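Only one structure is covered here, and it is reproduced in the block below.
Chain naming here is simple, since letters A, B, ... match the order of the sequence lines and numbering starts at 1 in each. Source: prediction; values computed, not measured. Every heavy atom of this structure was used, including side-chain atoms; hydrogens, water molecules and symmetry mates were not.
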Number of protein chains: 2
Amino acid sequence: MAGPKQTLLEQFAVLGKALSNAHRLDLLELIAQGERSVETLAEAAGLSIANASQHLQVLRRSGLVTSRKLGQQVLYRLSGDDVLSLLAALRQTAERHVAEVGRLVNGYFKEKDKMEPVTRNDLMRRMKEGLVTVLDIRPEQEFAAGHIPGSLNIPLKDLKKRLNALSPETEIVAYCRGPYCVLAYEAVAALRGQGRKALRLEDGFPEWRAAGLPVEKL
Amino acid sequence: MAGPKQTLLEQFAVLGKALSNAHRLDLLELIAQGERSVETLAEAAGLSIANASQHLQVLRRSGLVTSRKLGQQVLYRLSGDDVLSLLAALRQTAERHVAEVGRLVNGYFKEKDKMEPVTRNDLMRRMKEGLVTVLDIRPEQEFAAGHIPGSLNIPLKDLKKRLNALSPETEIVAYCRGPYCVLAYEAVAALRGQGRKALRLEDGFPEWRAAGLPVEKL
DNA sequence: TCTGTATTCAACAAATCAATTGAATAATAT
DNA sequence: ATATTATTCAATTGATTTGTTGAATACAGA
């Protein structure tokens with residue numbers, strides 16, 4: 001009785017179900033930074049290992065992520081860049097049509113950084129001219145898995161003590177995991193509080209890589 | 001303890017949850033054809049009225065659709081064209097990364113129509129030259145709510161008896177609800193079986209309208 | 001006002017999901 | 001082999017989702 005249409009809809013629904021839990025969306029954003037093991041993902045997302053493993057298997061069954069075994073670890077990564085497009089579409093729709101999201105984005109996020117973010121191409125241009133210091137605000141591990149070439153990794157918690165290592169003259173552009181990642185917002189706010197000239201990059205590292213721009217690994 | 005990030009993820013998850021049920025995805029595609037009442041949506045989707053009403057309320061709470069009261073009916077419609085983009089992203093990701101979907105699309109759907117579908121712009125061009133008959137294969141009600149100007153409404157079930165009303169010379173382009181709507185595929189197959197030259201339009205009516213192309217209403 | 005109609009609400013059972021716990025598995029190192 | 005480590009599986013609990021049924025609401029027309 002189930003025609004091809006019905007079967008297709010059920011498969012699409014499996015994909016929707018993968019996106020229907022906040023922890024899984026959190027894991028997806030972490031995985032988007034680069035391939036990672038179950039244990040480190042569990043820790044970064046604040047989940048027990050068994051629970052993280054189960055969420056990751058839901059994501060794998062949905063097709064959004066794939067996994068491979070390396071030694072005794074299982075590494076998860078995004079199935080492709082179109083997953084980023086799907087997440088972007090989800091965010092855009094939520095921002096436009098979910099009152100609560102619009103409120104948060106226009107309140108918490110926009111307030112922290114009234115200025116337009118720097119676009120990727122803008123940043124590329126300014127980097128070539130050597131006019132700018134690029135800060136990667138993510139944890140070390142994510143920086144190690146891939147970052148913008150020439151960027152300096154200063155995780156948010158270390159920003160205060162390492163601030164004086166930066167020349168006070170040059171402009172600073174900060175980035176982190178994605179469009180709503182709070183790390184870069186906090187960093188820009190902190191830097192401006194110190195009288196620095198600081199801006200935020202649009203989106204985050206996964207989008208930079210997906211745009212085909214150069215990437216460096218440790 | 002729930003920071004803004006957590007709240008955002010929970011809201012995104014609400015959107016995902018709306019997409020996590022095959023009946024709701026079915027209803028969404030129907031709503032995308034045009035504003036419709038609960039009763040007609042329930043019938044078209046093969047659901048009881050109470051059940052359809054509940055699914056529709058889930059969709060409304062998620063922000064994907066809105067509703068308004070007209071007389072004693074409640075009419076539901078899409079919140080915006082970005083919902084179509086979200087659905088397209090969902091389909092694309094499923095097609096690329098869910099084995100079962102790839103199998104179905106490359107089997108059932110592609111087989112029925114090996115040729116590339118006609119693009120929207122192509123169809124516009126051919127229509128201007130008067131070289132083509134455009135068939136809308138959807139049920140009357142959906143045709144009435146909006147269709148491609150100059151198209152002829154022949155619901156799939158009426159195709160056989162009304163086939164001879166079409167000039168045997170002109171090429172036929174058929175369309176229906178969307179990229180995986182089976183109606184147009186079946187129609188093209190049936191027409192070709194009768195020795196007609198028939199092609200399928202890419203996607204369906206909602207995408208035509210969202211592209212800003214002209215639309216006619218009864 | 002009374003009547004019929006469209007939709008929503010409320011209550012229920014069955015199924016599914018989420019998180020925890022502890023055991024099982026698989027690969028590596030000793 | 002044995003021990004160690006990373007991950008998955010299985011069993012359990014409580015919460016959520018789904019679909020059904022029948023009642024409640026809201027509204028228009030006679």
Side-chain angles (χ1 to χ4, degrees), chain A residues 1-2 6 9-28 30-31 34-62 64-77 141 145, chain B residues 1-2 6 9-28 30-31 34-62 64-77 141 145:
Chain A
M1 223 52 228
Q6 208 55 33
L9 289 180
E10 275 157 25
Q11 296 299 322
F12 296 158
V14 169
L15 242 173
K17 200 155 287 181
L19 302 173
S20 73
N21 176 283
H23 290 312
R24 282 197 289 271
L25 292 174
D26 201 4
L27 286 169
L28 268 182
L30 291 167
I31 294 171
E35 214 178 22
R36 283 183 83 167
S37 70
V38 178
E39 189 189 10
T40 66
L41 285 167
E43 200 206 330
L47 300 173
S48 77
I49 289 182
N51 194 12
S53 171
Q54 287 177 108
H55 281 305
L56 289 168
Q57 284 170 68
V58 171
L59 290 174
R60 183 172 52 197
R61 278 196 295 271
S62 78
L64 290 174
V65 310
T66 59
S67 64
R68 71 188 174 101
K69 201 148 192 182
L70 183 69
Q72 41 194 345
Q73 303 194 100
V74 175
L75 302 181
Y76 282 83
R77 66 173 160 186
Q141 184 178 27
Chain B
M1 222 49 229
Q6 208 55 32
L9 289 179
E10 274 157 26
Q11 295 299 322
F12 296 158
V14 170
L15 243 173
K17 201 157 287 183
L19 301 173
S20 74
N21 177 284
H23 291 311
R24 283 198 289 272
L25 292 174
D26 201 4
L27 286 169
L28 267 182
L30 290 167
I31 293 170
E35 215 177 23
R36 284 183 82 168
S37 70
V38 177
E39 189 189 10
T40 66
L41 285 168
E43 200 206 330
L47 300 173
S48 76
I49 290 182
N51 194 11
S53 171
Q54 288 177 112
H55 280 306
L56 289 168
Q57 284 171 66
V58 172
L59 289 174
R60 182 172 52 198
R61 277 196 295 274
S62 79
L64 291 175
V65 310
T66 58
S67 66
R68 70 187 175 101
K69 201 150 193 181
L70 182 69
Q72 40 194 345
Q73 305 193 101
V74 175
L75 303 181
Y76 283 83
R77 67 174 159 184
Q141 183 178 28

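In this structure, the CG atom of L75(A) is 14 Å from the P atom of dA27(C), given to the nearest Å. Between the CZ atom of R61(A) and the C1' atom of dC17(C) there is a distance of 11 Å, rounded to whole Å. Distance E43(B) CD to dA6(C) C1': 14 Å, rounded to the nearest Å. Across the protein-nucleic acid pair, L59(A) atom CG and dT8(D) atom C1' stand 16 Å apart, rounded to whole Å. As a whole-Å value, the separation of L47(A) CG from dT8(D) P is 14 Å. With rounding to whole Å, R68(A) atom CZ is found 13 Å from dT7(D) atom P. Rounded to a whole Å, the CD atom of E10(B) is 14 Å from the C1' atom of dA18(C). dT7(D) atom P lies 13 Å from atom CG of L27(A), rounded to whole Å.
An OP1 or OP2 oxygen of dT8(C) is reached within less than 4.0 angstrom by a side-chain nitrogen or oxygen of Y76(B). Taking side-chain N and O atoms only, K17(A) has a distance below 4.0 Å to OP1 or OP2 of dC17(C). A sub-4.0 Å separation between OP1 or OP2 of dT17(D) and a side-chain N or O of N21(B) is absent. Within the structure, a side-chain polar atom (N or O) of S53(B) is placed less than 4.0 Å from OP1 or OP2 of dT8(C).
A 4.5 Å side-chain heavy-atom check between L56(A) and V65(A) finds every atom pair outside the cut-off. With a 4.5 Å cut-off on side-chain heavy atoms, R77(B) and T66(B) count as touching.
Nearest-nucleotide positions on DNA chain D place Q73(A) closer to the 5' end than the other of Q54(A) and Q73(A). Place A50(A) and H55(B) on DNA chain D by their nearest nucleotides, and A50(A) ends up nearer the 5' end. Both L70(A) and N51(A) sit near DNA chain C, but only N51(A) has its closest nucleotide nearer the 5' end.
Among the protein residues, Q72(B) comes within range of the nucleic acid bases, having at least one heavy atom under 4.0 Å from a base atom. The residue Q57(A) sits close only to the backbone: its heavy atoms come under 4.0 Å of sugar-phosphate atoms, none of a base.
Comparing dC27(D), dT8(C), dT20(D) by their nearest atom to the side chain of K69(B) picks out dC27(D).
Of the candidates R24(B), H23(B), R60(B), H55(B) forms a side-chain hydrogen bond (donor to acceptor under 3.5 Å, both in side chains) with just one, namely R24(B).
A side-chain donor-acceptor contact under 3.5 Å links Q57(B) to the backbone of S53(B).
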I'd like a table of donor-acceptor pairs (distance under 3.5 Å, sequence neighbours excluded) in which one partner is a side-chain atom from residues 11-20 of chain A, with atom names and distances.
{"residue": "S20(A)", "atom": "OG", "partner": "K17(A)", "partner atom": "O", "Å": "2.7"}

